[in-house]
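The structure under discussion appears below in the form of structure tokens.
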Amino acid sequence: GNSVTQMEGPVTLSEEAFLTINCTYTATGYPSLFWYVQYPGEGLQLLLKATKADDKGSNKGFEATYRKETTSFHLEKGSVQVSDSAVYFCALSESGFQKLVFGTGTRLLVSP
Amino acid sequence: SQTIHQWPATLVQPVGSPLSLECTVEGTSNPNLYWYRQAAGRGLQLLFYSVGIGQISSEVPQNLSASRPQDRQFILSSKKLLLSDSGFYLCACPDTDSYNEQFFGPGTRLTVL
């Protein structure tokens with residue numbers, strides 16, 4: 001079946017550090033890939049997405065590139081801020097379906 | 001765009017008590033609806049989805065049930081809660097602006113003692 005694997009957290013960084021959160025997936029077919037973010041005490045918000053191979057999703061300084069050859073969708077940001085502290089979820093959705101398969105989430109803690 | 005309401009926002013219930021969580025959606029008609037659970041230390045897991053009134057698909061065997069009595073209403077229930085039912089419950093529907101995305105409600109945090 002489909003699955004998403006994320007790096008274990010928490011990830012602890014200082015402000016302005018470079019961020020990478022790894023995500024790899026297993027899927028039959030051609031999934032769409034997503035990063036969702038959950039800020040403390042809130043629900044999930046879509047951060048960015050990519051719907052086909054080599055697409056790059058970007059938003060709020062975050063980027064992720066859909067790599068079919070390595071089945072990966074790693075999240076990156078060049079300079080994190082304290083306000084980026086949250087839990088980040090990688091997810092996939094099979095083409096034509098709307099059910100999401102999530103990774104376990106990675107907590108990011110950014111200190112001043 | 002759509003809005004999802006969930007209530008209650010937080011709930012503390014004893015083991016063995018019943019449960020009813022409600023989700024209502026505005027700004028869209030006949031949406032697919034989803035219940036997810038985020039348990040402590042675990043990721044989000046799809047529990048149920050519904051493609052229309054009275055139609056429920058269960059993704060995992062469990063102590064919970066779901067119902068869809070109206071087009072934009074989705075209810076999660078249990079007759080007797082277990083400790084393992086504790087978690088953060090999220091209702092979702094397809095984003096009206098981008099069909100392959102899901103839009104999430106604010107969630108209900110359930111603690112079973």
Side-chain angles (χ1 to χ4, degrees), chain A residues 1-10 21-27 29-52 55 57 59 64 66 73 75 86-107, chain B residues 1-10 21 23 25 28 30-52 55-60 66 74 87-111:
Chain A
N2 300 336
S3 66
V4 175
T5 302
Q6 284 182 243
M7 61 189 293
E8 291 283 334
I21 300 178
N22 290 339
C23 170
T24 57
Y25 67 90
T26 302
Y30 304 95
S32 295
L33 302 175
F34 306 86
W35 277 101
Y36 280 84
V37 59
Q38 183 180 31
Y39 296 103
E42 299 184 15
L44 264 68
Q45 302 173 27
L46 178 66
L47 180 60
L48 54 84
K49 70 174 184 179
T51 56
K52 60 183 188 297
D55 268 3
N59 185 27
Y66 190 141
F73 193 53
L75 182 69
V87 180
Y88 292 82
F89 291 92
C90 186
L92 68 81
S93 175
E94 280 280 16
S95 176
F97 296 90
Q98 295 166 353
K99 293 183 287 183
L100 290 173
V101 176
F102 284 90
T104 53
T106 302
R107 182 176 298 278
Chain B
S1 63
Q2 69 275 60
T3 304
I4 297 179
H5 301 281
Q6 287 188 245
W7 64 88
T10 60
L21 303 182
C23 167
V25 182
T28 182
N30 195 31
N32 289 359
L33 294 174
Y34 306 83
W35 277 113
Y36 290 87
R37 177 172 62 198
Q38 183 182 14
R42 303 174 70 175
L44 279 156
Q45 183 180 39
L46 178 63
L47 302 177
F48 301 96
Y49 71 95
S50 170
V51 299
Q55 191 281 332
I56 304 294
S57 295
S58 175
E59 289 293 294
V60 293
F74 203 23
F88 191 49
Y89 289 82
L90 289 159
C91 181
C93 71
D95 192 296
T96 52
D97 296 326
S98 181
Y99 197 63
N100 73 341
E101 296 174 20
Q102 285 197 7
F103 182 82
F104 286 83
T108 294
R109 185 163 300 283
L110 171 66
T111 303

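Computed from heavy atoms alone, side chains included, the values below leave out hydrogens, waters and symmetry copies. Naming convention: chains lettered A, B, ... in sequence-line order (proteins, then strands); numbering from 1 in each chain.
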Determine the minimum heavy-atom distance between [X] and [Y], stating which atoms define it.
| X | Y | value |
| --- | --- | --- |
| A:Tyr36 | B:Gln102 | OH-O, 2.9 Å |
| A:Phe89 | B:Gln38 | CZ-NE2, 3.1 Å |
| A:Gln38 | B:Phe88 | NE2-CE2, 3.1 Å |

Is the backbone of A:Leu100 close enough, under 3.5 Å, to the side chain of B:Tyr36 for a donor and an acceptor to pair up by distance?
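Looks like yes, one N/O pair under 3.5 Å.
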
Among B:Tyr49, B:Phe104, B:Phe103, which residue has the highest count of heavy-atom pairs closer than 4.5 Å to chain A?
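Option with the top pair count is B:Phe104.
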
Working to the nearest 0.5 Å, report the span between CG of B:Leu90 and CZ of A:Phe102.
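Going from the CG atom of B:Leu90 to the CZ atom of A:Phe102 covers 8.0 Å.
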
Where does A:Leu44 contact chain B at under 4.5 Å (heavy atoms): side chain, backbone, both or neither?
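Both the backbone and the side chain of A:Leu44 come within 4.5 Å of chain B.
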
Using non-hydrogen atoms and a 4.5 Å limit, figure out which bit of B:Glu59 sits close to chain A: side chain, backbone, both or neither.
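Contact with chain A is through the side chain of B:Glu59 alone.
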
